[in-house]
Amino acid sequence: MIISASIISLNFLSFEKELQQAEQAGVDWLHIDVMDGQFVPNITIGPLFLPFCRKATKLPLDVHLMINNPENHIKNFADAGAEIISIHVENNPNVLRTIQEIKELGCKAGIVLNPGTTAEAITNILPFVDLVLVMTVNPGYSGQKFLPEMLPKIKKIRKMIDQINSKIILQVDGGVNKETITSVIESGASAIVAATAIFKFPEGIKAGTDALRNN
Ligand code: DX5
Ligand code: ZN
């Protein structure tokens with residue numbers, strides 16, 4: 001199982017130290033939540049942040065774009081060092097063109113579904129992507145409660161993936177912790193994102209990562 005640690009919950013005063021602790025704890029990817037205050041209510045960070053992550057750690061940079069008009073920003077994120085770039089299917093008429101651009105730039109391409117979006121919304125795009133990301137909270141903030149109502153959708157997408165190309169990574173993001181992870185994995189996810197459960201775990205980053213891994 002791929003664990004992608006979301007930087008949204010780290011303590012930026014000890015940025016480098018926390019990233020290195022996450023890497024040493026055995027997380028697989030670093031998840032970078034990019035929010036524009038339009039597509040989602042919150043605002044976070046842009047491409048300028050990625051080279052600092054790259055200097056602090058060798059972990060692949062897994063960029064989750066929660067922004068309007070993502071097509072205008074793909075090259076900037078690829079040039080800044082992103083290995084994986086995921087875009088939302090909602091409000092995105094050029095979704096296939098943008099997925100193709102992400103791949104042409106040498107990155108893995110992901111498609112993301114909000115809680116209100118059906119599995120069928122990605123049927124036509126599925127053969128073109130490397131990763132599907134199912135949101136199990138409304139995107140915008142870390143620390144929200146996991147929506148178990150999304151589990152049937154994860155199962156449905158697992159079936160859709162297995163029918164065409166089982167190498168596509170099925171990632172789940174939002175409220176994943178040591179309690180909720182079991183149902184996520186049982187539903188067919190091969191990758192999870194966690195912010196709070198890693199960077200705000202009471203006993204520290206290593207213990208938080210172990211608690212996820214040992215479930
Ligand atoms: C939600 C983001 C998530 C989120 C994860 O908008 O895409 O990556 O911050 O945070 P936790 O793990 O705390 O739910
Ligand atoms: Zn995310």
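None of the values given here were measured: they were computed from a predicted structure. Read the numbers this way: they start at 1 and go in the same order the structure lists the ligands and their atoms.
Here CD1 of I87 is found 4.5 Å from CG of N92. Values are rounded to the nearest 0.5 Å. Atom CG of residue L61 and atom CH2 of residue W29 lie 11.5 Å apart, to the nearest 0.5 angstrom. With rounding to the nearest 0.5 angstrom, the OG1 atom of T57 is 6.0 Å from the CG atom of L30. Put simply, CG on D130 and CD1 on I85 are 11.5 Å apart, with the number rounded to the nearest 0.5 Å. Between atom CD of residue Q38 and atom CG of residue N68 there is a gap of 6.0 Å, rounded to the nearest 0.5 Å. Here I7 contributes atom CD1 and I32 contributes atom CD1; the two are 5.0 Å apart, rounded to the nearest 0.5 Å.
Every atom of ligand 1 is numbered from 1 in the order shown, and the set under 4.0 Å from a heavy atom of M35 is 6 (O). Interface atoms of ligand 1 facing H64, defined by a heavy-atom separation under 4.0 Å, are 7 (O). If you number the atoms of ligand 1 from 1 as listed, the ones under 4.0 Å from a heavy atom of G174 come out as 14 (O). Within ligand 1, the atoms closer than 4.0 Å to a non-hydrogen atom of H31 are 8 (O), numbered from 1 in the order shown. Of all atoms in ligand 1, numbered sequentially from 1 with element shown, those under 4.0 Å from a heavy atom of A194 are 12 (O). Close contacts of ligand 1 with M66, meaning ligand atoms under 4.0 Å from a residue heavy atom, involve 6 (O), 7 (O). Distances below 4.0 Å separate heavy atoms of G143 from the following atoms of ligand 1: 11 (P), 13 (O), 14 (O). Set against the non-hydrogen atoms of G140, the atoms of ligand 1 under 4.0 Å away are 1 (C), 6 (O).
Judged purely by distance below 3.5 Å, without hydrogens or angles, the side chains of D62 and H64 never pair a donor atom with an acceptor atom.
Among protein heavy atoms, atom 13 (O) of ligand 1 sits closest to T196 OG1, 2.4 Å. Looking at atom 14 (O) of ligand 1, its nearest protein heavy atom turns out to be G175 N, 2.7 Å. Atom 9 (O) of ligand 1 has I8 CG2, 3.3 Å as its closest protein atom, hydrogens excluded (heavy atom only). Looking at atom 12 (O) of ligand 1, its nearest protein heavy atom turns out to be A195 N, 2.8 Å. The protein non-hydrogen atom at the shortest distance from atom 3 (C) of ligand 1 is D173 OD1, 2.9 Å.
The heavy atom nearest to atom 8 (O) of ligand 1, considering only I198, T180, D33, is found in D33.
In D33, the N, O or S atom that comes nearest to the Zn ion (ligand 2) is OD1. Of all N/O/S atoms in H64, ND1 sits nearest the Zn ion (ligand 2). Nearest N, O or S atom of D173 to the Zn ion (ligand 2): atom OD2.
The shortest N/O to N/O separation between Q144 and ligand 1 does not fall below 3.5 Å.
Within 6.0 Å of NZ on K75 lie no more than 12 heavy atoms contributed by other residues, nucleotides or ligands. Counting heavy atoms of neighbouring residues, nucleotides and ligands inside a 6.0 Å radius, atom CZ of R213 exceeds 12 of them.
With hydrogens and angles ignored, the 3.5 Å screen pairs a side-chain donor or acceptor of D28 with a backbone N or O of I3.
Note on ligand 1: M135 sits in its first shell, one or more heavy atoms being nearer than 4.0 Å.
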List the steps, then state whether side-chain contact (heavy atoms from CB on, under 4.5 Å) holds for E83 with R54. CA-CA 11 Å; E83 268 89 0; R54 176 51 63 245; 3.1 Å; yes
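A salt bridge links E120 with K156: the distance from a Lys NZ or Arg NE/NH1/NH2 to an Asp or Glu carboxylate oxygen falls below 4.0 Å.
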